[in-house]
Each structure stands twice: as structure tokens, then as C-alpha cells.
Asks: 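Attaching a single structure in C-alpha cells format; questions to follow.
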Amino acid sequence: MKQLIEIGNFKTGINNNICDVEGVRVGHFTIKNESNKTGLTVILPHTGNMFRKKVVASSYVYNGFGKSNGLVQVEELGSIETPIVLTNTLSVGIVTDALITHMLKDNPDIGITTSTVNPLVLECNDGKINHIQNRVLNVDNLEDAINNASIEFLEGNVGAGTGMKCHGFKGGIGSASRKVLIKGEEYTVGVLVNSNFGSSNGSDLIIKGRSMGNLIKNYNLEKEEDKGSIIVVIATDAPLDSRQLKRLAKRAELGIARTGSYAGNGSGDIMVAFSTKNMITHDTNTVTETVLRFSDDFINPLFKACVDATEEAVLNSMLHSTGDVTIDGKNIKSLNEYKELFSDLLK
């Protein structure tokens with residue numbers, strides 16, 4: 001995906017998205033009709049059997065106004081063993097069940113001769129734009145998203161981002177990546193967000209250091225405080241352990257803050273980070289393991305790359321979105337309608 005706005009001084013990956021981390025794939029399923037505007041987005045840390053080959057992972061909850069499933073075990077064991085699925089708040093239960101069904105197809109021993117599975121489903125509330133009580137998603141929709149997963153994918157109001165808004169504008173799925181050279185070795189950090197946070201009329205929005213609140217004067221939505229939520233998924237091919245991945249995940253909030261968020265009371269700010277190195281084999285008789293681990297003394301560039309990519313991913317989620325209408329008939333504008341206010345900041 002062409003880079004729309006340049007944040008920081010690291011180079012992007014070839015697609016400037018989370019799939020620039022080798023092996024990662026993203027797929028969407030979108031429902032958009034008169035009754036519902038919602039969907040789900042799937043991140044595959046790799047394309048093999050994730051239950052058999054788990055990825056090292058961690059999570060960080062900056063503000064816990066959220067209803068996600070699976071974070072407790074990610075924290076305890078430091079691994080992810082299913083696709084990561086993003087959806088709307090009231091669909092977490094349905095999508096969790098669908099994800100379990102998907103995992104049982106390839107792993108019929110789950111819960112019988114081996115352990116149960118930890119489905120990881122993350123959410124944001126799309127109830128302003130989508131009739132969220134309808135809960136229209138199902139297992140076939142999840143299968144479609146998984147089967148369609150690719151290294152190139154749409155951003156904006158698509159998949160789980162279909163009914164989201166950010167800083168009062170249309171938000172949703174955004175992504176970005178960074179290439180980092182450390183002691184002659186190149187590493188990639190990729191970020192994907194589902195943005196649904198910020199005050200309702202752009203008053204707090206910052207674009208590449210420029211405060212937009214005083215410039216956006218004709219967007220007369222009723223003022224609401226920062227609330228809504230954001231999910232951030234961070235991938236890297238650097239050999240970080242779960243402790244280091246938690247440290248990386250924490251830095252994502254700095255990128256969110258750069259766009260004007262202060263993580264309000266009603267904003268669930270939840271980050272998940274994983275590494276594609278040092279995969280964990282489910283079936284093993286090995287008592288000890290030798291793994292390659294990154295040195296903390298050289299981790300700073302990865303932190304900076306995460307902050308920059310997160311900031312850009314949030315902005316991309318708005319720049320790739322088109323306007324929509326809430327369920328009570330109010331217009332949610334695209335940020336692009338105000339492009340003349342910041343066109344000099346774009347590439």
C-alpha cells in the first residue's frame with residue numbers, strides 16, 4: 001500500500017502493512033447493508049497450524065474498558081495458538097465459538113487427548129453505525145476471512161473496521177510497517193489497528209504534530225469525550241521473548257497519543273504483540289529449549305519503529321475510510337473531506 005503520510009525516518013516494508021513481517025496474513029469479512037455495517041478482521045501470525053506451532057506473544061492493556069477473549073492465557077503462557085480475530089463488542093461470543101469450531105477442524109484432539117484451545121478475539125464497539133444487537137456474524141464469515149487472508153488487504157471501513165469512528169471521523173482498519181537495521185541485521189515491525197477512539201468532533205486530533213481542533217470549524221457534531229476503543233496488533237520478526245513483546249506493546253500507546261488521544265475512561269486501549277521467531281511446538285518431549293533472544297541493549301529502534309508505525313496506522317485508518325451515516329441518521333465524515341487543512345503533510 002502506498003504510504004500516504006510519512007511518520008519518522010525508518011523505511012517502510014514493501015506493502016507498508018503488518019504483512020511485511022514474513023508469514024503474516026490478514027483477511028476481512030464485511031457486512032454492509034441497510035440493517036448492519038460490521039464485520040471481522042483476521043490476522044494470521046503464520047499460515048500453518050497455529051495450535052501445533054504457537055507464536056511467542058504478550059499483551060498490554062493500557063485502559064481496560066473492553067470485552068476481549070483470550071488475553072488471560074496470552075499473559076500467563078506468553079503465546080498465541082489461534083488466528084487473532086477483531087470484531088464488534090457484542091459479537092465476541094459468537095466469533096469466539098466460530099474460532100473454536102475452526103480450530104477443532106484441524107485439531108480434533110483438542111479437549112480430548114490434549115489441552116483445550118485459547119481463542120483470541122478482540123473487539124471495539126461499532127454500535128453508533130451498526131445495529132450491534134443483531135449479532136449477524138457466523139462461522140462461515142470467519143472461514144471466509146481466513147480463506148481470503150493475504151499479504152495485501154484493504155484498510156479503512158472494512159472488516160472489523162466497517163462501523164468504527166476515530167476522532168469523530170470514519171475510522172477502522174489501518175496498518176503500517178517499519179524496517180529497522182540493527183548491527184547489520186534488518187528486522188521488521190508491523191502494526192495493524194482497529195481505530196474507534198477520540199472525541200466526537202475532531203477537537204483533539206493531531207496530524208503529524210499539527211493540532212487540528214482549531215482548524216476543523218464546520219464539523220458540528222455534538223461534543224463527546226474521548227471514548228470508543230482501539231485494538232493494536234503488533235508483529236515482528238525480531239526474536240523477542242514475551243517480556244520484551246510486552247514492552248514493545250506498551251509503546252503503541254505513545255503512537256496513539258501522538259494522534260491526540262488521552263485514553264479516556266470509556267476507551268479500551270488494548271495491544272497484542274507477537275514474534276514470528278522461536279515458535280513453540282505443541283507436541284514436544286524436550287525438557288529444555290535453546291532459543292535466540294534479542295538483547296535489551298539494542299531494542300530501542302524497535303520501540304521507535306512501533307511508535308511510528310502505530311501513529312501512521314491510526315492516521316491510515318482514517319485516510320483510507322469513506323464517510324458513513326450513524327443508525328440515527330447523522331453523517332460521519334471522512335477525514336479526506338478536510339484534506340486541504342493538512343495536504344502539505346501528505347506524501
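Please read all numbers here as calculations on a predicted model, not as lab measurements.
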Asks: Quick one: are Asp140 and Phe29 in side-chain contact, heavy atoms under 4.5 Å?
Replies: no
Asks: If you group Ile, Leu, Val, Met, Phe, Trp and Tyr by side-chain heavy-atom gaps below 4.5 Å, do Tyr338 and Leu319 land in one group?
Replies: yes
Asks: Is any side-chain heavy atom of Val291 less than 4.5 Å from a side-chain heavy atom of Asp241?
Replies: no
Asks: I'd like to know if the side chain of Asn16 reaches the main chain of Ala176, judged simply by a donor and an acceptor atom lying under 3.5 Å from each other, with no hydrogens or angles considered.
Replies: no
Asks: Looking at side-chain heavy atoms only, is the closest gap between Leu240 and Val56 below 4.5 Å?
Replies: no
Asks: Report yes or no: does Ser150 contribute a side-chain atom to a donor-acceptor pair with the main-chain N or O of Glu152 at less than 3.5 Å?
Replies: yes
Asks: Would you say that more than 12 heavy atoms from the other residues, nucleotides or ligands in this model lie under 6.0 Å from the CG of Asp328, or not?
Replies: yes
Asks: What's the spacing between Gln244 CD and Phe303 CZ if we round to 0.5 Å?
Replies: 8.0 Å
Asks: His28 and side-chain hydrogen bond (donor to acceptor under 3.5 Å, both in side chains): which single residue from Thr162, Asn148, Thr41, Asn141 fits?
Replies: Thr41
Asks: As a test of understanding, state which of Val180, Leu248, Val232, Leu254 forms a side-chain contact (heavy atoms from CB on, under 4.5 Å) with Cys306.
Replies: Leu248
Asks: Counting distance only, does the side-chain N/O of Lys333 pair as donor-acceptor with the main-chain N or O of Lys170 below 3.5 Å?
Replies: no
Asks: Does Ser91 offer a backbone N or O that forms a donor-acceptor pair with the side chain of Glu123 under 3.5 Å?
Replies: no
Asks: Between Asp237 (side chain only) and Thr188 (backbone N and O only), is there a donor and an acceptor less than 3.5 Å apart?
Replies: yes
Asks: Going by the side-chain contact (heavy atoms from CB on, under 4.5 Å) test, name the single residue among Val121, Val95, Ile43, Val193 that passes it with Leu86.
Replies: Ile43
Asks: So does Glu6 get a backbone contact from the side chain of Lys208, meaning a donor-acceptor N/O pair under 3.5 Å?
Replies: yes
Asks: Here's a test for you: under salt bridge (charged side-chain N to carboxylate O under 4.0 Å, His left out), which of Glu253, Glu311, Glu312 qualifies with Arg258?
Replies: Glu311
Asks: Treating His46 as the side-chain partner and Lys53 as the backbone partner, does any N or O pair qualify as donor plus acceptor under 3.5 Å?
Replies: yes
Asks: Should Asp109 and Arg52 count as an ion pair when the cut-off is N to O under 4.0 Å?
Replies: yes
Asks: Would you say Val272 and Val85 are hydrophobically clustered, going by side-chain heavy atoms of ILVMFWY under 4.5 Å?
Replies: no
Asks: Using 0.5 Å steps for rounding, measure from the CG atom of Leu40 to the OG1 atom of Thr87.
Replies: 5.5 Å
Asks: Begin from the C-alpha positions of Asn63 and Ser267 and carry the test side chain to side chain donor-acceptor pair (under 3.5 Å) through to its verdict.
Replies: CA-CA 7 Å; Asn63 193 60; Ser267 179; 5.7 Å; no
Asks: Do the side chains of Asn88 and Leu137 get nearer than 4.5 Å, heavy atoms only?
Replies: yes
Asks: Mind checking the CG-SG spacing from Leu335 to Cys166? Nearest 0.5 Å is all I need.
Replies: 9.0 Å
Asks: Evaluate side chain to side chain contact (heavy atoms under 4.5 Å, CB included) for Arg25 paired with Ile151, printing each intermediate quantity in order.
Replies: CA-CA 5 Å; Arg25 299 290 185 272; Ile151 60 173; 3.1 Å; yes
Asks: I need the Thr38 OG1 to Asn157 CG distance, nearest 0.5 Å.
Replies: 12.0 Å
Asks: Does Arg135 have more than 12 heavy atoms from other residues, nucleotides or ligands lying within 6.0 Å of its CZ?
Replies: no
Asks: Does CD in Gln133 sit with more than 12 non-hydrogen atoms of other residues, nucleotides or ligands closer than 6.0 Å?
Replies: no
Asks: Any chance NZ of Lys54 has more than 12 other-residue heavy atoms, nucleotides or ligands included, within less than 6.0 Å?
Replies: yes
Asks: Does the pair Lys246/Glu75 count as a salt bridge with the N-to-O cut at 4.0 Å?
Replies: yes
Asks: Answer yes or no: are there more than 12 heavy-atom neighbours, outside Glu186 itself, under 6.0 Å from its atom CD?
Replies: yes
Asks: Does Asn125 offer a backbone N or O that forms a donor-acceptor pair with the side chain of Thr89 under 3.5 Å?
Replies: yes
Asks: In Å, rounded to the nearest 0.5 Å, how long is the span from CE of Met212 to OG1 of Thr259?
Replies: 12.5 Å
Asks: Under the side chain to side chain contact (heavy atoms under 4.5 Å, CB included) rule, what do Lys330 and Lys128 come out as? Steps first, then yes or no, please.
Replies: CA-CA 10 Å; Lys330 296 178 181 177; Lys128 293 287 186 181; over 6 Å; no
Asks: Does atom CG (Leu181) have a neighbourhood of more than 12 heavy atoms from anything else shown, all under 6.0 Å?
Replies: yes
Asks: Count the heavy atoms of every other residue, nucleotide or ligand shown that sit under 6.0 Å from CG of Asn265, and state whether that count exceeds 12.
Replies: no
Asks: State plainly whether the residues Lys105 and Glu143 are in salt-bridge range, i.e. N to O under 4.0 Å.
Replies: yes
Asks: Starting from the C-alpha separation in whole Å, work towards a yes-or-no answer on side chain to side chain contact (heavy atoms under 4.5 Å, CB included) for Val158 and Phe153.
Replies: CA-CA 10 Å; Val158 63; Phe153 55 90; over 6 Å; no
Asks: Using a 6.0 Å distance limit plus a 45 degree cone around the ring axis, check whether Lys165 lies over the aromatic ring of Phe169.
Replies: no
Asks: Would a single hydrophobic cluster contain both Val74 and Ile231, if residues Ile, Leu, Val, Met, Phe, Trp and Tyr are joined by side-chain heavy-atom contacts under 4.5 Å?
Replies: yes
Asks: Can Val21 be reached from Leu192 by stepping across I, L, V, M, F, W or Y side chains whose heavy atoms are under 4.5 Å apart?
Replies: yes
Asks: As an exercise, state the distance from OG1 of Thr310 to CD1 of Ile7, rounded to the nearest 0.5 Å.
Replies: 11.5 Å
Asks: Might you work through the side chain to side chain contact (heavy atoms under 4.5 Å, CB included) test for Ile207 and Ile5, ending with a clear yes or no?
Replies: CA-CA 9 Å; Ile207 299 179; Ile5 185 166; 3.7 Å; yes
Asks: Verify the cluster assignment for Ile173 and Leu122: are they in a single hydrophobic cluster under the rule of side-chain heavy atoms below 4.5 Å apart?
Replies: yes
Asks: Has Asn33 got a side-chain atom pairing as donor or acceptor with Asn36's backbone, closer than 3.5 angstrom?
Replies: yes
Asks: Taking Asp296 first and then Arg243, would you say they form a salt bridge - that is, a charged N and a carboxylate O separated by under 4.0 Å?
Replies: yes
Asks: Do side-chain atoms of Asp20 reach the backbone of Asn15 as a donor and acceptor pair under 3.5 angstrom?
Replies: yes
Asks: Once you measure the plane-to-plane angle for His282 and Phe51, does it fall in the parallel (<30°), tilted (30-60°) or perpendicular (>60°) bin?
Replies: tilted
Asks: Counting C-beta onward and ignoring hydrogens, is there a side-chain heavy-atom pair between Pro45 and Ile84 closer than 4.5 Å?
Replies: yes
